[in-house]
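Because the structure is a prediction, the values reported are computed rather than measured. Just so you know, residue 1 is the first one in the sequence shown, and it goes up from there.
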Amino acid sequence: MNKFIALILAVLLCLAGCGSTDKPKQPEDIQQGNLTLFPKPEVDYAGDPIPYSENGKLYLYYIHDGRGWNEGYFHPWNLFETSDFKNWEDKGRVIAGTFNKKNEQDYGIGTGTVLKGHDGQYHAFYTGWNGHPASVVDPDVLFHEKVQHAVSDNLVDWTKIPEDGFYGGVDDFRDPHVVWIEEEQEYWMLVSTWYSANYYSPVIKKYVSKNLSTWEYEGIFFDKAENNVFMECPTLLNYNGYWYFTYFQKDVDGTNARVTRYYYKKNLSDEWTKPDNNYFDGAGFSAARLVQVGEKLITVGWIGTKIGDFDQGAYTWAGNLACHELKQQSNGDLKVVPVSEVESVLNHETFYNVAYLSNGVNYKNDSITFSEGSKYSYLLYDEIRPKAMKLNFTISATEGKAGLTFSRKNEVGYGDLCVEFNFNKGIVSFFNTKAHSN
């Protein structure tokens with residue numbers, strides 16, 4: 001990383017206090033109420049989200065992960081509720097598996113969909129999972145995964161309807177997403193699976209229904225999986241004149257990288273448009289799905305913890321949930337921005353002291369300049385306080401690299417985490433220094 005590194009770091013941590021006539025607050029003085037940026041249950045972790053919205057409120061179902069098989073449950077559905085994306089109420093378990101009964105289909109509860117049917121009831125479609133060998137399960141449990149159905153009058157208390165469950169001919173048959181198609185006057189269900197039991201090409205299959213009880217297979221909905229990697233957690237949603245289709249892929253390049261991709265079209269009969277940048281976030285944003293909350297389009301996924309609980313560790317399954325707001329462009333593209341309610345809470349002027357200046361750095365009036373002769377220059381600030389913060393900055397550069405480095409132990413070298421702006425290539429990168437070669 002070259003001489004521009006300190007420029008971003010300095011201006012970022014100066015924040016909006018630059019140029020203010022009032023003295024900015026110290027980080028310890030900032031009050032954020034009960035702001036929660038990345039919700040998780042009080043005990044254990046959150047996995048695949050199942051978002052549903054009504055009257056401007058987000059009902060965020062998620063798979064509760066207990067990190068093993070000995071906690072008395074295996075992947076039930078829990079529920080968060082929020083009206084502002086800042087305060088999250090955990091309603092606890094709403095759809096449970098049969099953890100102590102290995103001879104039932106719903107030993108584990110996989111992800112799916114919640115929607116309100118035309119019958120006035122709420123419907124949940126989920127994956128009933130039982131991966132135990134035949135020697136320990138009842139002979140009636142014939143399938144590794146089935147699509148299962150439950151109903152509710154209040155979004156919290158659910159009644160299962162096991163007779164509505166169905167199997168698609170392949171052990172990987174999961175993650176059902178159901179949407180009402182007005183122009184066809186029918187419900188569509190998208191299911192993540194393979195082309196057939198003997199032909200392992202990943203596809204999204206489509207089933208149709210008039211009553212949310214019985215389903216008919218209508219063929220392949222999507223079969224253009226990038227890198228031929230299995231497509232999980234599909235979403236189909238109409239927003240401001242465009243249909244958006246998303247799916248999630250893991251281990252897309254053999255490095256455990258995880259990507260949620262999206263496509264769009266004006267009409268369902270059109271071909272899908274693949275935008276130049278057809279994913280929402282980096283390698284840690286998993287199993288994201290779309291939901292419209294009021295006028296906002298939101299994508300919500302989970303960010304996994306890491307083995308050993310350190311930055312260079314490999315991602316595990318489940319962690320904390322994360323929401324991004326998506327801004328629709330005139331051509332249908334979607335751009336990721338912070339959720340506006342959260343951004344407003346972080347709009348405080350904050351002051352940090354400069355702790356160290358390297359050679360070749362001029363710091364004056366909250367502006368930083370680097371001398372042409374310095375190959376590598378930087379500026380360090382005091383330790384960042386343990387509160388969420390928003391960083392604003394302006395960079396004046398046309399070539400080379402600049403960036404932020406965090407968790408730095410001394411005045412030599414990089415910190416553990418870096419954000420890099422590469423002006424020569426026109427890209428922004430976030431990486432661990434121990435896993436990245438500059």
Taken to the nearest 0.5 Å, the spacing of Leu155 CG from Lys91 NZ works out to 10.5 Å
When you compare the side chains of Asp171 and His144, does any donor N or O come within less than 3.5 Å of an acceptor on the partner?
no
Pair Lys296 + Glu341: basic N to acidic O under 4.0 Å:
yes
Would you check if Phe173 and Phe143 make a side-chain contact, meaning some heavy-atom pair closer than 4.5 Å?
no
Can you confirm whether the side chains of Tyr244 and Gln328 place a donor and an acceptor under 3.5 Å from each other?
yes
Parallel, tilted or perpendicular: ring planes of Phe80 versus Trp88, cut at 30 and 60 degrees
perpendicular
So, are Asp106 and Lys160 salt-bridged, with charged N and O less than 4.0 Å apart?
yes
Might you point out which heavy atoms bring Ala96 and Pro76 nearest each other, and give the distance in Å?
CA-CB, 4.0 Å
I'd like to know if the side chain of Ser269 pairs up with that of Asn267 as donor and acceptor (distance under 3.5 Å, no hydrogens or angles considered).
no
Would you please classify the geometry between the Trp77 ring and the Tyr126 ring as parallel, tilted or perpendicular, with 30° and 60° separating the classes?
perpendicular
Could you tell me whether Glu28 and Arg385 make a salt bridge, using a distance below 4.0 angstrom between a side-chain N and a carboxylate O?
yes
Between Glu295 and Tyr239, do the side chains contain an N or O donor and an N or O acceptor separated by less than 3.5 Å?
no
Checking side-chain polar atoms at under 3.5 Å, does Asp84 have a donor or acceptor matched by the opposite partner on Thr82?
yes
Check the angle between the aromatic planes of Phe166 and Tyr207 and answer parallel, tilted or perpendicular using the 30° and 60° thresholds.
tilted
Do NZ/NE/NH1/NH2 and the carboxylate oxygens of Lys274 and Glu226 come within less than 4.0 Å?
yes
Decide whether Thr260 and Thr246 meet the rule of one side-chain donor and one side-chain acceptor closer than 3.5 Å.
no
Minimum heavy-atom distance between Ser340 and Glu325, given as atom pair plus value
N-OE1, 3.1 Å
Given the side-chain rings of Phe230 and Phe248, with only the six-membered ring counted for Trp, is the space between their centroids under 6.0 Å?
no
Leu37 side chain near Val342 side chain, heavy-atom distance below 4.5 Å
yes
With no hydrogens and no angle check, do the side chains of Asp65 and Trp317 hold a donor and an acceptor under 3.5 Å apart?
no
Checking side chain to side chain donor-acceptor pair (under 3.5 Å) against Gln249, which of Arg261, Arg258, Glu232 comes through?
Arg261
Taking Asp90 for its side chain and Gly92 for its backbone only, find out whether a donor-acceptor pair lies under 3.5 Å.
yes
For the backbone of Leu268 and the side chain of Lys265, can you confirm whether one donor and one acceptor N or O come within less than 3.5 Å of each other?
yes
Output field: ring centroids Trp243/Tyr263 closer than 6.0 Å
no
Hey, is NZ on Lys25 packed in by over 12 heavy atoms from elsewhere, all under 6.0 Å?
no
Will you find, in the side chains of Arg289 and Thr111, an N or O donor that is under 3.5 Å from an N or O acceptor?
yes
